[in-house]
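Only one structure is covered here, and it is reproduced in the block below.
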Amino acid sequence: MEVIDLAVPEAGMRGVGFVLASPAQVGQGGHRVYLKRMLLSEDASKLVPEWAFFVRCVVDTSMLRPTASREALYEDDLLSAVRAGLGEQIRTWLLDLSVNDPDRLAAFLRVHHLGVKALAVRDDEMLKLVDAWLPFETSRGTMPLRVFRRGLSMIRYVETVDEFRSLAAIASAAGTPVVNAGYAYDTEILERLSRVDSEARVRRLDPGELAARLD
């Protein structure tokens, strides 16, 4: 889908990251690593943060140490710094897309929304990107949270898909829009949004509220 230039000078590393055009899972597939231009591994793991499982890297390094078997990289402070540096460059690429190429970002999110959600749980800038661009299922239709919460003093959500299916129509009839937070990371994202944005008040929907409104 995309090629990202990568470099970590302190590890003598340069290379590229290939953004996969189809969904991937954590731990599925590794990275090709050269040590001083000699192939070390075609399936190295732990080169990038776990959330960046949608990227496969091809890199050359002059300073990272191989394990005794010379089939993988030795886990030390330098490898940790490399992992953080590559993660930051992938994150920067995503944020740049949100500013300069929204259509490309939307195409990426359709395929790799899970990795972006995982990052948004702990990264404020990615949380803002999710708020603005990632579609959520709501009783008002599928839309980004920023669109859903316009004009609302409170964002209400349910924690399971079954609960959403049971209550969405009733909530709409009662004038209480609701978000389906039954998928991975959704509840954490909503709760975290309320902590980083003073205007975003969030709470789990109490079915008793609906009964009271309908009464």
Side-chain angles (χ1 to χ4, degrees), residues 1-2 19 21 23 26 49-54 87-88 90-215:
M1 180 179 286
E2 199 85 30
V19 179
V26 175
E50 234 180 37
W51 58 260
F53 54 78
F54 49 83
E88 182 61 25
I90 295 167
R91 172 183 173 278
T92 298
W93 167 76
L94 277 170
L95 294 175
D96 182 67
L97 277 190
S98 71
V99 174
N100 297 312
D101 198 345
D103 291 341
R104 194 69 174 155
L105 176 65
F108 168 81
L109 289 175
R110 282 194 293 271
V111 179
H112 297 297
H113 56 277
L114 196 60
V116 174
K117 283 183 179 182
L119 181 54
V121 168
R122 56 182 178 270
D123 184 282
D124 289 352
E125 290 303 315
M126 290 307 298
L127 183 64
K128 292 175 185 175
L129 184 148
V130 165
D131 180 36
W133 296 102
L134 187 68
F136 278 71
E137 187 177 6
T138 82
S139 58
R140 290 177 165 178
T142 301
M143 63 187 70
L145 292 173
R146 185 172 296 176
V147 175
F148 172 79
R149 60 194 179 97
R150 283 177 189 159
L152 294 177
S153 59
M154 179 71 69
I155 305 170
R156 290 175 174 83
Y157 68 88
V158 293
E159 293 182 319
T160 69
V161 175
D162 287 342
E163 193 177 12
F164 178 78
R165 289 171 179 162
S166 299
L167 296 177
I170 301 170
S172 293
T176 307
V178 64
V179 177
N180 180 6
Y183 300 103
Y185 304 110
D186 287 356
T187 299
E188 295 96 320
I189 285 170
L190 284 163
E191 293 292 347
R192 194 164 186 276
L193 185 63
S194 67
R195 292 195 291 270
V196 300
D197 185 344
S198 59
E199 295 183 0
R201 298 172 60 218
V202 176
R203 81 175 185 212
R204 185 176 180 275
L205 178 68
D206 178 2
E209 277 186 79
L210 298 182
R213 278 181 175 254
L214 290 171
D215 285 344

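Computed over heavy atoms, backbone and side chain alike; hydrogens, waters and symmetry mates excluded.
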### Query
Roughly how far apart are S172 OG and I170 CD1, rounded to 0.5 Å?
10.0 Å

## Note on the structure
Of all heavy-atom pairs linking A132 and P144, the shortest is O-CB, 3.4 Å

### Query
Between atom CG of N180 and atom CG of D162, what is the distance when rounded to the nearest 0.5 Å?
9.5 Å

### Task
Work out which heavy atom in S139 is nearest to a heavy atom in A168; give both atom names and the distance.
CB-O, 3.9 Å

### Query
Does the side chain to side chain contact (heavy atoms under 4.5 Å, CB included) test come out yes or no for R204 and T187, once each step is laid out?
CA-CA 9 Å; R204 185 176 180 275; T187 299; over 6 Å; no

### Summary
Scanning both residues in full, the closest heavy-atom pair of E137 with F164 reads OE2-CE2, 3.4 Å

### Message
Strictly by salt bridge (charged side-chain N to carboxylate O under 4.0 Å, His left out), give each pair with a member in residues 174-195 just once, sequence neighbours left out.
### Response
K117-D186, D124-R192

### Message
Working to the nearest 0.5 angstrom, can you tell me the gap between E125 CD and L129 CG?
### Response
9.0 Å

### Task
Output the distance between atom CD (E2) and atom CG (L97), rounded to the nearest 0.5 Å.
6.0 Å

### Message
Here's a test for you: under side-chain contact (heavy atoms from CB on, under 4.5 Å), which of V179, V178, L152 qualifies with R140?
### Response
L152

### Message
With salt bridge (Lys or Arg N to Asp or Glu O under 4.0 Å) as the criterion, how do D197 and R146 come out once you've worked through the C-alpha distance, each side chain's angles and the decisive distance to 0.1 Å?
### Response
CA-CA 11 Å; D197 185 344; R146 185 172 296 176; over 6 Å; no

### Task
Work out which heavy atom in S98 is nearest to a heavy atom in W133; give both atom names and the distance.
O-CZ2, 3.6 Å

### Query
Considering only heavy atoms from C-beta outward, does the side chain of W51 approach that of D123 to under 4.5 Å?
no

#### Entry: From OH (Y157) to OG1 (T138), nearest 0.5 Å
16.0 Å

Show me the donor-acceptor pairs within less than 3.5 Å that the side chains of residues 107-114 make with the rest of the protein, sequence neighbours left out.
residue	atom	partner	partner atom	Å
H112	NE2	L20	O	2.6
H113	ND1	L109	O	3.4

### Query
Can you find a heavy atom in the side chain of F136 that is under 4.5 Å from one in the side chain of I189?
yes

### Message
For S153 versus R201, what's the shortest heavy-atom pair and its separation?
### Response
O-NH1, 3.3 Å

### Query
With a 4.5 Å heavy-atom cut-off, do R203 and R156 have their side chains touching?
yes

### Query
Step by step, would you call L193 with L145 a side chain to side chain contact (heavy atoms under 4.5 Å, CB included)?
CA-CA 10 Å; L193 185 63; L145 292 173; 4.2 Å; yes

### Message
Less than 4.5 Å apart, side chain to side chain, heavy atoms only: is that true for L205 and E163?
### Response
no

#### Entry: Check: M126 and V130 side chains under 4.5 Å, non-hydrogen atoms
no

